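So the structure is just underneath, and the comments pick up after that.
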Amino acid sequence: MSASYHIRAWQGVAPRSGARVYIDPQAMVLGDVELGDDCSVWPMAVIRGDMHRIRLGQRVSVQDGSVLHITHASDFNPEGYPLTVGDDVTIGHKAILHGCTLGSRILVGMGAMVMDGARVDDEVIVAAGAVVTPGKHLESGYVYAGNPARQLRPLKEAERAFFTYTAGNYVTLKNEYLKVSAD
(Lines give C-alpha, C1' and ligand atoms only; values in the text may rest on other atoms or scores of the structure.)
Protein backbone atom coordinates (compact mmCIF):
# COMPACT_ATOMS: atom_id res chain seq x y z
CA MET A 1 0.00 0.00 0.00
CA SER A 2 1.69 3.23 -1.10
CA ALA A 3 1.55 6.33 1.06
CA SER A 4 -0.82 9.02 -0.10
CA TYR A 5 -3.21 11.59 1.25
CA HIS A 6 -6.08 9.10 1.38
CA ILE A 7 -4.02 6.37 3.07
CA ARG A 8 -2.08 7.85 5.92
CA ALA A 9 -0.41 7.29 9.26
CA TRP A 10 -1.63 8.71 12.53
CA GLN A 11 0.87 9.27 15.35
CA GLY A 12 3.41 7.04 13.62
CA VAL A 13 1.05 4.11 12.92
CA ALA A 14 0.25 3.52 9.25
CA PRO A 15 -2.49 1.36 7.75
CA ARG A 16 -1.39 -2.13 6.64
CA SER A 17 -2.92 -4.39 4.07
CA GLY A 18 -2.75 -7.90 2.73
CA ALA A 19 -2.49 -8.84 -0.93
CA ARG A 20 -4.66 -7.46 -3.73
CA VAL A 21 -6.41 -4.77 -1.67
CA TYR A 22 -8.20 -1.95 -3.50
CA ILE A 23 -8.69 1.42 -1.80
CA ASP A 24 -10.43 3.97 -3.97
CA PRO A 25 -8.60 7.31 -4.23
CA GLN A 26 -11.72 9.01 -2.84
CA ALA A 27 -11.74 6.85 0.32
CA MET A 28 -9.85 7.57 3.55
CA VAL A 29 -7.95 4.94 5.56
CA LEU A 30 -6.05 6.32 8.54
CA GLY A 31 -4.01 5.02 11.47
CA ASP A 32 -4.05 1.61 13.13
CA VAL A 33 -5.96 -0.25 10.42
CA GLU A 34 -5.29 -3.70 8.98
CA LEU A 35 -7.05 -4.87 5.82
CA GLY A 36 -6.92 -8.58 4.96
CA ASP A 37 -6.34 -10.03 1.50
CA ASP A 38 -8.78 -9.06 -1.26
CA CYS A 39 -10.52 -6.27 0.67
CA SER A 40 -12.10 -3.34 -1.16
CA VAL A 41 -12.79 0.17 0.13
CA TRP A 42 -15.05 2.17 -2.18
CA PRO A 43 -15.47 5.93 -2.81
CA MET A 44 -16.16 8.20 0.18
CA ALA A 45 -15.73 5.40 2.73
CA VAL A 46 -13.81 6.34 5.88
CA ILE A 47 -11.89 3.85 8.03
CA ARG A 48 -10.40 5.82 10.91
CA GLY A 49 -8.19 3.97 13.38
CA ASP A 50 -6.94 7.01 15.26
CA MET A 51 -7.64 6.16 18.92
CA HIS A 52 -7.94 2.37 18.78
CA ARG A 53 -7.37 -0.42 16.26
CA ILE A 54 -9.45 -1.57 13.31
CA ARG A 55 -9.00 -5.08 11.87
CA LEU A 56 -10.78 -6.31 8.75
CA GLY A 57 -10.48 -9.95 7.65
CA GLN A 58 -10.27 -11.24 4.10
CA ARG A 59 -12.72 -10.34 1.32
CA VAL A 60 -14.37 -7.50 3.22
CA SER A 61 -16.07 -4.90 1.03
CA VAL A 62 -16.61 -1.45 2.54
CA GLN A 63 -19.16 0.26 0.31
CA ASP A 64 -19.47 3.91 -0.68
CA GLY A 65 -20.00 6.40 2.12
CA SER A 66 -19.55 3.93 4.98
CA VAL A 67 -17.85 5.00 8.21
CA LEU A 68 -15.80 2.58 10.32
CA HIS A 69 -14.49 3.95 13.62
CA ILE A 70 -13.68 2.92 17.20
CA THR A 71 -14.39 3.91 20.79
CA HIS A 72 -11.38 5.27 22.65
CA ALA A 73 -10.36 4.18 26.14
CA SER A 74 -11.48 6.57 28.90
CA ASP A 75 -12.61 6.68 32.52
CA PHE A 76 -16.06 5.74 31.24
CA ASN A 77 -14.78 2.77 29.22
CA PRO A 78 -11.25 1.82 30.35
CA GLU A 79 -10.57 -0.64 27.50
CA GLY A 80 -12.37 1.25 24.75
CA TYR A 81 -13.78 -0.74 21.84
CA PRO A 82 -11.72 -1.64 18.79
CA LEU A 83 -13.50 -2.52 15.56
CA THR A 84 -13.07 -6.09 14.34
CA VAL A 85 -14.63 -7.64 11.23
CA GLY A 86 -14.21 -11.28 10.10
CA ASP A 87 -14.00 -12.70 6.57
CA ASP A 88 -16.49 -12.48 3.67
CA VAL A 89 -18.33 -9.46 5.04
CA THR A 90 -20.16 -6.96 2.82
CA ILE A 91 -20.72 -3.58 4.44
CA GLY A 92 -23.46 -1.80 2.49
CA HIS A 93 -23.51 1.80 1.31
CA LYS A 94 -23.51 4.42 4.09
CA ALA A 95 -23.36 1.87 6.90
CA ILE A 96 -21.74 2.86 10.20
CA LEU A 97 -19.71 0.40 12.28
CA HIS A 98 -18.47 1.91 15.54
CA GLY A 99 -16.38 0.03 18.11
CA CYS A 100 -18.09 -3.30 17.50
CA THR A 101 -17.19 -6.89 16.63
CA LEU A 102 -18.53 -8.69 13.56
CA GLY A 103 -17.86 -12.33 12.73
CA SER A 104 -17.62 -13.80 9.23
CA ARG A 105 -20.15 -14.18 6.40
CA ILE A 106 -22.23 -11.14 7.30
CA LEU A 107 -24.20 -8.65 5.24
CA VAL A 108 -24.60 -5.20 6.79
CA GLY A 109 -27.36 -3.49 4.83
CA MET A 110 -27.32 0.03 3.43
CA GLY A 111 -27.58 2.71 6.08
CA ALA A 112 -27.40 0.24 8.98
CA MET A 113 -25.60 1.14 12.22
CA VAL A 114 -23.77 -1.22 14.56
CA MET A 115 -22.76 0.61 17.72
CA ASP A 116 -20.22 0.41 20.55
CA GLY A 117 -19.64 -2.97 22.13
CA ALA A 118 -22.19 -4.74 19.92
CA ARG A 119 -21.30 -8.28 18.83
CA VAL A 120 -22.55 -9.88 15.63
CA ASP A 121 -21.96 -13.63 15.25
CA ASP A 122 -21.14 -15.38 11.95
CA GLU A 123 -23.83 -15.67 9.28
CA VAL A 124 -26.10 -12.75 10.07
CA ILE A 125 -27.93 -10.20 7.93
CA VAL A 126 -28.27 -6.77 9.48
CA ALA A 127 -31.07 -5.32 7.33
CA ALA A 128 -30.86 -1.93 5.63
CA GLY A 129 -31.46 0.88 8.11
CA ALA A 130 -31.24 -1.37 11.17
CA VAL A 131 -29.75 0.09 14.35
CA VAL A 132 -27.83 -2.36 16.53
CA THR A 133 -27.68 -0.61 19.90
CA PRO A 134 -24.61 -0.54 22.17
CA GLY A 135 -23.69 -3.87 23.72
CA LYS A 136 -26.33 -5.88 21.80
CA HIS A 137 -25.48 -9.45 20.72
CA LEU A 138 -26.86 -10.74 17.40
CA GLU A 139 -26.91 -14.54 17.26
CA SER A 140 -25.83 -16.51 14.21
CA GLY A 141 -28.36 -17.63 11.63
CA TYR A 142 -30.88 -14.76 11.64
CA VAL A 143 -31.95 -11.59 9.89
CA TYR A 144 -32.14 -8.57 12.19
CA ALA A 145 -34.12 -5.44 11.28
CA GLY A 146 -35.53 -2.27 12.78
CA ASN A 147 -34.58 0.43 15.25
CA PRO A 148 -33.60 -0.98 17.62
CA ALA A 149 -32.64 -4.10 15.66
CA ARG A 150 -34.67 -7.19 16.52
CA GLN A 151 -34.46 -10.78 15.34
CA LEU A 152 -36.80 -10.94 12.33
CA ARG A 153 -36.50 -14.55 11.11
CA PRO A 154 -34.06 -17.39 10.49
CA LEU A 155 -31.82 -17.15 7.44
CA LYS A 156 -32.83 -19.04 4.32
CA GLU A 157 -30.30 -21.36 2.67
CA ALA A 158 -30.09 -19.04 -0.35
CA GLU A 159 -29.16 -16.16 1.99
CA ARG A 160 -26.40 -18.25 3.57
CA ALA A 161 -25.00 -18.95 0.09
CA PHE A 162 -25.23 -15.24 -0.75
CA PHE A 163 -22.59 -14.27 1.86
CA THR A 164 -19.69 -15.85 -0.04
CA TYR A 165 -21.23 -15.03 -3.44
CA THR A 166 -21.40 -11.29 -2.75
CA ALA A 167 -17.94 -11.25 -1.15
CA GLY A 168 -16.58 -13.01 -4.26
CA ASN A 169 -18.43 -10.63 -6.55
CA TYR A 170 -16.70 -7.64 -4.92
CA VAL A 171 -13.34 -9.42 -5.15
CA THR A 172 -13.92 -9.74 -8.92
CA LEU A 173 -14.94 -6.09 -9.21
CA LYS A 174 -12.01 -4.74 -7.20
CA ASN A 175 -9.66 -6.88 -9.34
CA GLU A 176 -11.01 -5.05 -12.40
CA TYR A 177 -10.34 -1.70 -10.67
CA LEU A 178 -6.82 -2.83 -9.75
CA LYS A 179 -6.17 -3.87 -13.34
CA VAL A 180 -7.36 -0.53 -14.73
CA SER A 181 -5.27 1.43 -12.22
CA ALA A 182 -2.18 -0.66 -13.12
CA ASP A 183 -2.57 -0.01 -16.87
Side-chain angles (χ1 to χ4, degrees), residues 22-24 26-30 33-36 38-49 52-72 77 80-171 173-174:
Y22 174 73
I23 300 172
D24 189 89
Q26 294 298 313
M28 169 62 69
V29 180
L30 179 142
V33 175
E34 288 183 11
L35 305 170
D38 291 310
C39 285
S40 55
V41 182
W42 298 97
M44 310 314 285
V46 175
I47 304 175
R48 186 161 57 99
H52 216 314
R53 68 188 174 277
I54 296 175
R55 302 293 183 261
L56 303 184
Q58 297 182 44
R59 297 170 303 282
V60 174
S61 176
V62 181
Q63 301 295 304
D64 313 62
S66 292
V67 175
L68 281 61
H69 196 226
I70 52 72
T71 304
H72 70 283
N77 183 2
Y81 292 114
L83 174 62
T84 305
V85 176
D87 300 331
D88 298 308
V89 174
T90 301
I91 301 166
H93 309 284
K94 294 183 72 177
I96 297 173
L97 303 182
H98 200 275
C100 54
T101 301
L102 278 68
S104 295
R105 297 172 309 285
I106 293 171
L107 173 62
V108 178
M110 295 180 282
M113 265 190 242
V114 184
M115 299 172 74
D116 301 352
R119 222 176 63 239
V120 181
D121 289 345
D122 297 348
E123 297 194 346
V124 165
I125 293 176
V126 179
V131 177
V132 180
T133 53
K136 181 141 179 131
H137 174 217
L138 305 187
E139 295 178 24
S140 180
Y142 294 94
V143 175
Y144 293 83
N147 180 1
R150 291 182 181 88
Q151 199 177 91
L152 185 63
R153 62 171 172 77
L155 288 172
K156 299 173 183 171
E157 286 308 310
E159 290 167 329
R160 288 179 190 273
F162 187 73
F163 295 129
T164 54
Y165 164 79
T166 193
N169 184 55
Y170 279 105
V171 168
L173 182 61
K174 68 93 188 153

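Both backbone and side-chain heavy atoms feed into the values below; hydrogens, waters and symmetry mates do not. Treat the numbers as computed from the prediction; the structure is a model and nothing was measured.
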Review point. Do the non-hydrogen side-chain atoms of Ile91 and Ser61 ever get within less than 4.5 Å of each other?
Key: no

**Study point:** Atom of Val124, atom of Gly141 and distance for their closest heavy-atom approach
**Key:** CG2-N, 4.2 Å

Practice item. Test Arg105 against Thr164 for side-chain contact (heavy atoms from CB on, under 4.5 Å), laying out the working first. Key: CA-CA 7 Å; Arg105 297 172 309 285; Thr164 54; 4.2 Å; yes

Study note, to complete from the structure: To the nearest 0.5 Å, atom CD1 of Ile47 lies from atom SG of Cys39 at 8.0 Å

Review point. Below 4.5 Å, heavy atoms only, C-beta onward: do Ile70 and Ile54 meet side chain to side chain?
Key: yes

Review point. Mind checking whether Asp38 and Tyr170 have side chains closer than 4.5 Å, heavy atoms only?
Key: no

Review point. With a 4.5 Å limit on heavy-atom distance, are the side chains of Val108 and Val120 in contact?
Key: no

Check your understanding: How are the rings of Tyr144 and Tyr142 set relative to one another: parallel (under 30°), tilted (30 to 60°) or perpendicular (over 60°)?
Key -> perpendicular

Review point. What pair of heavy atoms forms the shortest contact from Val33 to Gly49, and how long is it?
Key: CG2-N, 3.8 Å

Study note, to complete from the structure: Heavy atoms of Leu155 and Glu123 approach each other most closely as CD1-O, 3.2 Å

Point to revise | Gln151, CD atom: more than 12 neighbouring heavy atoms under 6.0 Å | key: yes

Exercise for review: Kindly say whether the aromatic ring centers of His98 and His69 come within a distance under 6.0 Å.
Suggested key: yes

Revision key, fill the gap. Interatomic distance, CD@Gln26 vs CE@Met44, rounded to 0.5 Å, equals 6.0 Å

Check your understanding: Do Asp122 and Ser104 come close enough that some side-chain heavy atom pair is under 4.5 Å?
Key -> yes

Check your understanding: Got a sec, which pairs hit salt bridge (Lys or Arg N to Asp or Glu O under 4.0 Å) with one end in residues 82-104, sequence neighbours left out?
Key -> Arg59-Asp88

Check your understanding: Which atoms form the tightest heavy-atom contact between Glu159 and Pro154, and what is the distance?
Key -> OE1-O, 4.4 Å

Check your understanding: What distance separates Leu68 CG from Leu97 CG, expressed to the nearest 0.5 Å?
Key -> 4.5 Å

Review point. Are more than 12 heavy atoms from other residues, nucleotides or ligands located less than 6.0 Å from atom CE of Met110?
Key: no

Review point. Looking at NZ of Lys136 and CZ of Arg119, how far apart are the two atoms once the value is rounded to the nearest 0.5 Å?
Key: 12.0 Å

Review point. Can you name the closest pair of heavy atoms from Ala95 and Gly109 and give their distance?
Key: CB-O, 4.0 Å

Review point. Got more than 12 heavy atoms from elsewhere within 6.0 Å of CZ, Arg55?
Key: yes

Revision key, fill the gap. SG of Cys100 to CE of Met113, rounded to nearest 0.5 Å, is 12.0 Å

Check your understanding: Looking at side-chain heavy atoms only, is the closest gap between Leu30 and Arg48 below 4.5 Å?
Key -> yes

Practice item. Please tell me if the side chains of Leu56 and Val62 come closer than 4.5 Å, counting only heavy atoms from C-beta onward. Key: yes

Check your understanding: Got a second to check how far Asp121's CG is from His137's NE2, nearest 0.5 Å?
Key -> 3.5 Å

Point to revise | Minimum-distance pair of heavy atoms, taken over all atoms of Ala149 and Val132 | key: CB-CG2, 3.9 Å

